[in-house]
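Worksheet: the structure to be examined is printed underneath.
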Amino acid sequence: MMATSTHSQPITLDAVVVGAGFAGIYMLHRLRKLGLRARVLEAASGAGGTWFWNRYPGARCDIESMQYSYQFSNELQQSWEWKERYAAQPEILEYANHVIDRFELRADIQFNTRVHSAVFNESASQWLVTTETGEAFKASYCIMATGCLSTTNTPHFKGHESFKGEWYHTGQWPPAGVDFTGKRVGIIGTGSSAVQSIPLIAEQASSLTVFQRTPNFSVPAYNQSLDLEYVKKIKANYEAYRKLGRSQLLAYDFSLNPKTTAELSPEEFEATCEYHWALGGLNFYGTVADMLISPEANQIVGDFVRRKIREKVNDPAIAALLTPKSVIGCKRICADTNYYETYNRDNVNLIDVSQSPIEEITAAGIKANGIEYACEAIVLATGFDAMTGSLNRIDVRGKDNRSLKDKWSAGPRTYLGLTSAGFPNFFIISGPGSPSVLTCMITSIEQHVEFISDCITYLRDRGLTAIEATVEAEDQWVTHVNEVAAGTLFNSCSSWYLGANVPGKPHIFMPYVGFPPYVQKCDEVVASGYAGFELRAA
Ligand code: N01
């Protein structure tokens, strides 16, 4: 039985990990292997992080299941059998729980426990982590495994409290599911969550009204049952396959055309577009090497998809509304099953709210462009306060009682996306300034977890009690993250990568572009005895 604590009698541990998603699960496993006393504190009633909450209809990963999984244990990757090319949310959740049980981690995960604050005591070199119910934990290390897409973005609409029907957010879907049969449903947003859920909600609801502010690019996922021969081939050489994935920009293997626009004739360009479209899913990022660098390349690839949208949608006016004008890939490309085709259904209606925002929510529905659209249920597919939202919700205080939220008021500042100056022995897994959301998350998570556990080993082996990023290293890293992004087209639209989706959030490009150079930098830092960090003995 797990020991409980109170504020006056904190439990003493070596490490507290916040969050039991894929990051927290693997972190606990590594800390256990080091022989450390660790506990994971998780707000939800179960593990899985974003895959616990995002249970909306059609929720499924856009990275192939043979790659979106842990690689730290060959026995695990050999024994687990994925069913589909892209795993659906229930299967991913089952996998997370399987890992927890397989490595006997459950006893050190405390569910239904939301962390309220984490305060550093400099003289003791110790963190005091307090929960919302007043439990307290003292630990040398505080590790945030709070996820990049876990705090929902819930816009405030005038009159929302007057609505008489049901409300749902895709990122906080009820575990029991929702039956929309016979209901008039309104959905706000057309990002990845909406693109996945719209086709399935449309099949159930009597009518579905989609409120679109900005159209997104979506490519067909071509999901299918996994071919056993294909699985066998990968498993016969899984290590090499993983290595190949790690060598790629996005930390997973996808079909990348190494040629740039200048090296392709118009016919060859069209052929590479068709080829990558037919491969399905995020392979489309690999259409041409300079797709996210050259505006000209991007225009050609974007036009190809715009044409596909027009081919799929019967009504030219609806097709025009669904066609993005922006840079393709600047926001994450969606991978869908029948998204555009769904707009050919009689019970689906698309409302453009790009010119004037949704006016209000009334008792009976949603009012936009002067018209009230009757709804019995409203789905918010409005995304997340990404990357910093969950960290900023916790009152994190480092040296001199300085608040992390205050430090980050003009945008997050980290060294390697892993640590922040002024916050010793405080680690963030897949934090802002690391490749995280631009990669296969589990691969990035493993690299971070291993960095952190190796770092803790290094400190312990040398009798050191604290590690802290220097301000200089952090400043240089923040500049570097921005310089790398500036060499791409990522900055050219209002995406959540930039924090642009949340009113009042500073506009800073948060993820680091490029997994291999990032790993190389981390390896160099370690090899040099943690360059950019100050290490201290008691
Ligand atoms: O969220 P989003 P998401 N009025 O922020 C609209 C990952 N993911 O949950 O673009 C009207 O992309 C907003 O409009 P606009 C993936 O990385 C992965 O869909 O700001 N509309 C937008 O259309 C993804 O990128 C998978 O103009 C409003 C939508 O809401 C990330 O999660 C599946 C509004 C939000 O789109 C986030 O995706 C799902 C307002 N006031 C998610 N406020 C897979 O693996 C917001 N919107 C496949």
Side-chain angles (χ1 to χ4, degrees), residues 49-51 53-65 67-68 85-89 92 147-158 160 168-173 186-198 209-221 223 250 252 280-282 285 322 324-326 329-337 339 350-361 366-369 378-387 389 430 436-442 490 493-503 505 510-511:
T50 198
W51 296 107
W53 296 107
N54 284 268
R55 297 163 187 253
Y56 59 83
R60 163 182 310 283
C61 187
D62 56 9
I63 295 184
E64 298 190 16
S65 51
Q67 302 200 66
Y68 191 81
R85 179 180 182 191
Y86 299 101
Q89 175 272 336
I92 300 174
C148 295
L149 298 166
S150 21
T151 293
T152 53
N153 171 39
T154 306
H156 177 79
F157 294 105
K158 183 182 153 203
H160 78 277
Y168 303 100
H169 192 295
T170 47
Q172 279 179 331
W173 206 255
I187 183 165
I188 301 174
T190 48
S192 297
S193 305
V195 161
Q196 288 189 324
S197 56
I198 283 170
T209 307
V210 180
F211 295 84
Q212 173 187 270
R213 190 164 65 183
T214 316
N216 255 302
F217 284 100
S218 189
V219 297
N223 185 38
L250 308 178
Y252 61 91
L282 301 188
Y285 275 110
L322 288 169
K325 295 179 184 67
S326 55
C330 167
K331 287 184 176 178
R332 191 178 181 95
I333 298 177
C334 308
D336 73 271
T337 302
Y339 175 63
L350 179 66
I351 307 302
D352 174 23
V353 290
S354 64
Q355 302 307 312
S356 59
I358 289 171
E359 284 157 40
E360 63 176 312
I361 307 291
I366 300 174
K367 194 169 169 196
N369 307 321
I378 296 176
V379 176
L380 297 177
T382 46
F384 301 91
D385 183 355
M387 304 198 75
S430 60
S436 62
V437 291
L438 294 181
T439 65
C440 172
M441 279 299 293
I442 300 190
F490 276 117
C493 67
S494 303
S495 70
W496 59 258
Y497 296 143
L498 270 165
N501 63 328
V502 177
K505 192 166 173 171
M510 293 183 283

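Counting starts at 1 for both ligands and their atoms, following the listed order. Below, each value reflects all heavy atoms present in this structure, side chains not excepted, and no hydrogens, waters or symmetry copies.
- Considering only non-hydrogen atoms, atom 11 (C) of ligand 1 lies nearest to I188 out of L438, N501, I188.
- When hydrogens are left out, the protein atom nearest atom 33 (C) of ligand 1 is Y56 OH, 3.2 Å; that is the closest non-hydrogen contact.
- Put simply, the side chain of Q212 never gets that close to the backbone of L350: no donor and acceptor are under 3.5 Å apart.
- Here the protein heavy atom with the shortest distance to atom 22 (C) of ligand 1 is T190 N, 3.9 Å.
- What sits closest to atom 27 (O) of ligand 1 on the protein, heavy atoms only, is T214 OG1, 2.4 Å.
- Atom OG of residue S192 and atom NZ of residue K331 lie 10.5 Å apart, to the nearest 0.5 angstrom.
- At least one N or O atom of D62, backbone or side chain, sits closer than 3.5 Å to an N or O atom of ligand 1.
- At a heavy-atom distance under 4.0 Å, no atom of A59 approaches ligand 1.
- Closest protein heavy atom to atom 18 (C) of ligand 1: S192 CB, 4.1 Å.
- Protein heavy atom in closest approach to atom 5 (O) of ligand 1: W496 CD1, 3.6 Å.
- Closest heavy-atom contact between T382 and P155: OG1-CD, 3.4 Å.
- Within the 4.0 Å heavy-atom criterion, neither part of Q212 lies near ligand 1.
- By the criterion of a heavy-atom distance under 4.0 Å, the side chain of L149, and not its backbone, is placed next to ligand 1.
- Taking the six-membered ring for Trp and thresholds of 30 and 60 degrees, W173 and Y168 have ring planes inclined between 30 and 60 degrees apart.
- In this structure, V437 falls outside the shell of residues with a heavy atom less than 4.0 angstrom from ligand 1.
- Checked by atom type and distance alone, the side chain of D62 never pairs as donor or acceptor with a backbone atom of C334 at under 3.5 Å.
- The closest donor-acceptor contact from the side chain of T152 to the backbone of F384 lies at 3.5 Å or more, if one exists at all.
- A donor-acceptor pair under 3.5 Å is formed between the side chain of K505 and the backbone N or O of A386.
- At least one heavy atom of C61 sits closer than 4.0 Å to an atom of ligand 1.
- Under 4.0 Å from ligand 1, not a single heavy atom of Y497 appears.
- The shortest distance between side-chain heavy atoms of Y285 and R332 falls below 4.5 Å.
- Between the side chain of Y497 and the main chain of V437, no donor-acceptor pair closer than 3.5 Å is present.
- Protein heavy atom nearest atom 6 (C) of ligand 1, with residue, atom name and distance: G189 CA, 3.6 Å.
- The closest approach between a heavy atom of T170 and any atom of ligand 1 is not below 4.0 Å.
- Under 4.0 angstrom from ligand 1, the non-hydrogen atoms of F157 all belong to its side chain.
- Judged purely by atom type and a 3.5 angstrom limit, T190 uses its side chain to pair as donor or acceptor with the backbone of T214.
- The backbone N or O of N369 lies less than 3.5 Å from a partner atom in the side chain of E359, making a donor-acceptor pair.
- Contact atoms of ligand 1 toward R60: 44 (C), 45 (O), 48 (C) (distance under 4.0 Å to a heavy atom of the residue).
- The G191 neighbourhood of ligand 1 comprises atoms 12 (O), 19 (O), 23 (O), 29 (C), 36 (O), with distances under 4.0 Å to a heavy atom of that residue.
- Counting only heavy atoms of the protein, atom 16 (C) of ligand 1 lies nearest to R332 CD, 3.4 Å.
- Using a 4.0 Å heavy-atom cutoff, A381 is listed among the residues neighbouring ligand 1.
- Heavy-atom separations between F384 and ligand 1 include at least one value shorter than 4.0 Å.
- Taking 4.5 Å as the limit, some side-chain heavy atom of W51 sits within range of a side-chain heavy atom of C61.
- Between the side chain of N223 and the backbone N or O of Y86 there is at least one donor-acceptor pair closer than 3.5 Å.
- When the options R213, M441, Q89 are ranked by their closest heavy atom to atom 46 (C) of ligand 1, first place goes to R213.
- With a 4.0 Å cut-off on non-hydrogen atoms, S193 touches ligand 1 through its backbone as well as its side chain.
- The closest donor-acceptor contact from the side chain of S193 to the backbone of A381 lies at 3.5 Å or more, if one exists at all.
- Ranking protein heavy atoms by distance to atom 1 (O) of ligand 1, first place goes to G383 CA, 3.1 Å.
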